Amino acid sequence: MAEWLGRWLPDAVRQGQFILANCKLEPNKVDQYGRPLPYAGHKDPMENKRTDPPEDLLRHIHMLKTGEAPN
């Protein structure tokens, strides 16, 4: 264990720091309302996501609300 801690751990820590250097968030960035920006410098996970329901779901909901069978 002592050999691993002295020989391998320092290199693993340096490599990890090098790999993660570009992943640092800047917590001081805020939006126009003064709220912190959780995705500052990173892609918003909801970007390019579909938020409109599929057409078949809309038809099914319409059928449930009105009792009309779909064509």
Side-chain angles (χ1 to χ4, degrees):
M1 183 70 169
E3 181 180 351
W4 186 87
L5 289 171
R7 180 183 238 181
W8 302 107
L9 182 61
D11 286 335
V13 170
R14 274 193 296 276
Q15 287 178 350
Q17 288 173 339
F18 175 76
I19 291 168
L20 297 175
N22 292 332
C23 296
K24 291 182 181 177
L25 291 177
E26 297 180 25
N28 296 332
K29 290 193 174 188
V30 293
D31 66 4
Q32 62 188 9
Y33 303 108
R35 299 175 297 199
L37 288 173
Y39 307 113
H42 298 279
K43 182 180 175 185
D44 184 343
M46 291 305 291
E47 184 178 326
N48 298 327
K49 299 283 183 189
R50 279 189 67 177
T51 56
D52 55 326
E55 186 61 35
D56 59 339
L57 176 62
L58 292 175
R59 284 194 304 267
H60 184 72
I61 292 172
H62 175 75
M63 181 188 70
L64 292 175
K65 286 181 179 178
T66 65
E68 297 175 1
N71 298 333

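Worth saying up front: this structure is predicted, and the values here are computed from it rather than measured.
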Next on the checklist: Using a 4.5 Å cut-off between side-chain heavy atoms of Ile, Leu, Val, Met, Phe, Trp and Tyr, which other residues end up in the same hydrophobic cluster as L58?
Outcome noted: none

Next on the checklist: Applying side chain to side chain contact (heavy atoms under 4.5 Å, CB included), can you list everything that pairs with R7, at least two apart in sequence or on another chain?
Outcome noted: E3

Item to check | Hydrophobic cluster partners of L57 (side-chain heavy atoms under 4.5 Å) | outcome: I61

Item to check | Pairing residues for W4 by the side chain to side chain contact (heavy atoms under 4.5 Å, CB included) criterion, not counting sequence neighbours | outcome: W8, L9

Item to check | Path from V13 to L20 over hydrophobic side-chain contacts below 4.5 Å | outcome: no

Checklist entry - What residues, two or more places apart in sequence or in another chain, satisfy side chain to side chain contact (heavy atoms under 4.5 Å, CB included) together with D11? => result R14

Item to check | Pairing residues for L64 by the side chain to side chain contact (heavy atoms under 4.5 Å, CB included) criterion, not counting sequence neighbours | outcome: H60

Next on the checklist: Which heavy atom of H62 sits nearest to which heavy atom of E68, and what is that distance?
Outcome noted: NE2-OE1, 3.1 Å

